[in-house]
Amino acid sequence: MRIDYETERAGGVYSERMLRKSQSIWQMPSTPESLKKEETEARLRGVDVTISPESMEYMEKVNERKEAAQKERERLQKEWEMQNPQNPFGRMGTQFSIISNALAEHGFYDNMSDDEVLEIENLLVNITHGMNSVCGTVKVLSPESEQLTSQAAKFELESSTAALRQFSQKYVSGEMQDFFNNLVDQYYEHNSKVLEGYQSSRETSNELLAAIYEKTASNRRAPLSENEKMIQMAGKVKVDEEDEKEAIKEWRKCLKALADGKGEVGEMMGRMSDILKMLASGNSENKQLLNYVEQWNSPAIENARKYWSVLV
């Protein structure tokens, strides 16, 4: 699972700090007086610089345009929040930016260096990436990334929620923990509702193709290719609701073992991968199908391995 950290951190504290620093270094003069001063200094250095009246007028309006754009962003944000007043994750923004900005409002980053903020925010990007790609009001998708399957999405919801609770224990101070834990509850609530009835485009395609292959079997001139056979098998898998509940129960046991320091990351990820593989295959014993769904869902497991390795 490829994550573009610079893009996914947009709207966070680190990006805002870097933006302010770059503006302070490269900010162009915004008044005719400062432009004339720059022109004079340049000429004293032996450089002939002429700034036209049109340029001066243009620069005078830069701040006005910036302020107008900021007001418009604020207006859109307030409008969106009025439409989604209950849960912050239903508002505009990536799930990462909602969490990171909520922490910032409570002073979480105040005494951190830029490098420390970057490290924390990269961890939050990893934790929220899977759910944001499926359930975020603003999604950041890499062209190389594939949608999570419905089963992998349910795994990622359980894993990322447990990871955020572990993040709270490891990084969030006592007086801030109640607020943050409530935010995590809202994260779970929002994402679990969005996942109701969710299916990835590839799952939908496999189902449709499997039905077509079955209907046209008697008229087929050539046998199905190996890839078509796998698509047909995967498209005919039906996941039982009770099996899903049992998988979630077992994932939670593994995640609790990680959080309690009673399980090694590699071992627990292996167990959770096996649970996901059996769920996604409909408890099949076909080795080819098991290998197919394991490879298909492996990005979710690898992403979880990455952030849990930092948290425990």
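Residue indices begin at 1 and follow the sequence shown.
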Linked, directly or transitively: Val239 and Tyr292 (ILVMFWY side chains, under 4.5 Å): yes

Minimum side-chain heavy-atom gap Ile248-Phe155 below 4.5 Å: no

Side-chain H-bond candidate by donor/acceptor type, Asn297 with Gln151, under 3.5 Å: no

Carboxylate-amine/guanidinium contact Glu196 Lys193, below 4.0 Å: no

Lys154 NZ to Ser159 OG distance, which is reported to the nearest 0.5 Å: 15.5 Å

Single-linkage hydrophobic cluster, 4.5 Å side-chain cutoff, Ile301 and Met278 together: no

Main-chain N/O of Gln95 paired to Asn132 side chain as donor or acceptor, under 3.5 Å: yes

Side-chain touch Tyr171/Gln166, heavy atoms, less than 4.5 angstrom: no

Least distance between heavy atoms, Leu311 atom then Lys170 atom: O-CD, 3.6 Å

Polar side-chain atom of Ser309 near backbone of Arg305 as donor-acceptor pair, under 3.5 Å: yes

Spacing of Leu276 atom CG and Thr149 atom OG1 [to the nearest 0.5 Å]: 6.0 Å

Side-chain heavy-atom pair Met230, Leu224 within 4.5 angstrom cut-off: no

Crowding at CD, Glu228 (>12 non-hydrogen neighbours, <6.0 Å): yes

Ring centroid separation Phe180 to Phe167 under 6.0 Å: yes

Short side-chain to backbone donor-acceptor contact, Glu8 and His129, under 3.5 Å: no

Heavy-atom pair with the smallest gap, counting every atom of Met268 and Ala257: SD-CB, 4.0 Å

N/O donor-acceptor pair under 3.5 Å between Asn101 side chain and Gly11 backbone: yes

Phe89 side, atom CZ; Leu183 side, atom CG - distance, nearest 0.5 Å: 4.0 Å

Side-chain heavy-atom pair Lys229, Tyr213 within 4.5 angstrom cut-off: no

Side chains of Ser100 and Glu121, donor plus acceptor under 3.5 Å: yes

Expected output: side-chain Glu203 to main-chain Ser200 donor-acceptor under 3.5 Å: yes

Salt bridge present between Arg271 and Asp274 (N-O < 4.0 angstrom): no

Exam field: side chain Ser22 to backbone Leu19, donor-acceptor pair closer than 3.5 Å: yes

Interatomic spacing from CD in Gln186 to CD1 in Ile98 - rounded to 0.5 Å: 10.0 Å

Partners meeting salt bridge (Lys or Arg N to Asp or Glu O under 4.0 Å) with Glu242 (sequence neighbours left out): Lys245

Ser168 (side chain) donor-acceptor with Leu164 (main chain) under 3.5 angstrom: no

Backbone of Gln295 reached by a side-chain donor or acceptor of Ser298 within 3.5 Å: yes

Short N-O contact, Asp4 and Arg9, less than 4.0 angstrom: no

Pairwise distance NZ(Lys277) to OG(Ser284) - rounded to 0.5 angstrom: 11.0 Å

same_hphob_cluster(Tyr5, Tyr307) at 4.5 Å side-chain heavy-atom cutoff: yes

Set of salt bridge (Lys or Arg N to Asp or Glu O under 4.0 Å) partners for Glu175, sequence neighbours left out: none

Shared hydrophobic cluster, Val194 / Tyr188 (ILVMFWY, side-chain heavy atoms < 4.5 Å): no

Ser150/Gln199 under side-chain hydrogen bond (donor to acceptor under 3.5 Å, both in side chains): CA gap, chis, key distance, verdict: CA-CA 5 Å; Ser150 52; Gln199 191 175 51; 5.8 Å; no

CD/Glu264: more than 12 non-hydrogen atoms of other groups inside 6.0 Å: yes

Heavy-atom side-chain proximity of Leu289 to Val237 below 4.5 angstrom: yes

Single-linkage hydrophobic cluster Leu103~Leu123, side-chain heavy atoms < 4.5 angstrom: yes

Result of checking Asn303, Thr161, Asn191 against Glu156 for side-chain contact (heavy atoms from CB on, under 4.5 Å): Asn303

Among Arg252, Glu250, Met272, side-chain contact (heavy atoms from CB on, under 4.5 Å) partner for Glu158: Arg252

Any Thr94 side-chain heavy atom under 4.5 Å of Thr128 side chain: no

Student check: side-chain heavy atoms of Ile99 and Val184 closer than 4.5 Å: no

Contact summary for Cys135 and Leu195, nearest pair of heavy atoms: SG-CD2, 3.8 Å

Short side-chain to backbone donor-acceptor contact, Ser192 and Glu189, under 3.5 Å: yes

Close side-chain approach of Val13 and Met112, heavy atoms under 4.5 Å: no

Spacing of CH2 belonging to Trp308 relative to CE belonging to Met269, to within rounding of 0.5 Å: 7.5 Å

Any donor-acceptor N or O pair under 3.5 Å, side chains Asn111, Glu116: no

Worked check of salt bridge (Lys or Arg N to Asp or Glu O under 4.0 Å) between Lys238 and Asp243: CA-CA 11 Å; Lys238 302 298 179 186; Asp243 287 339; over 6 Å; no

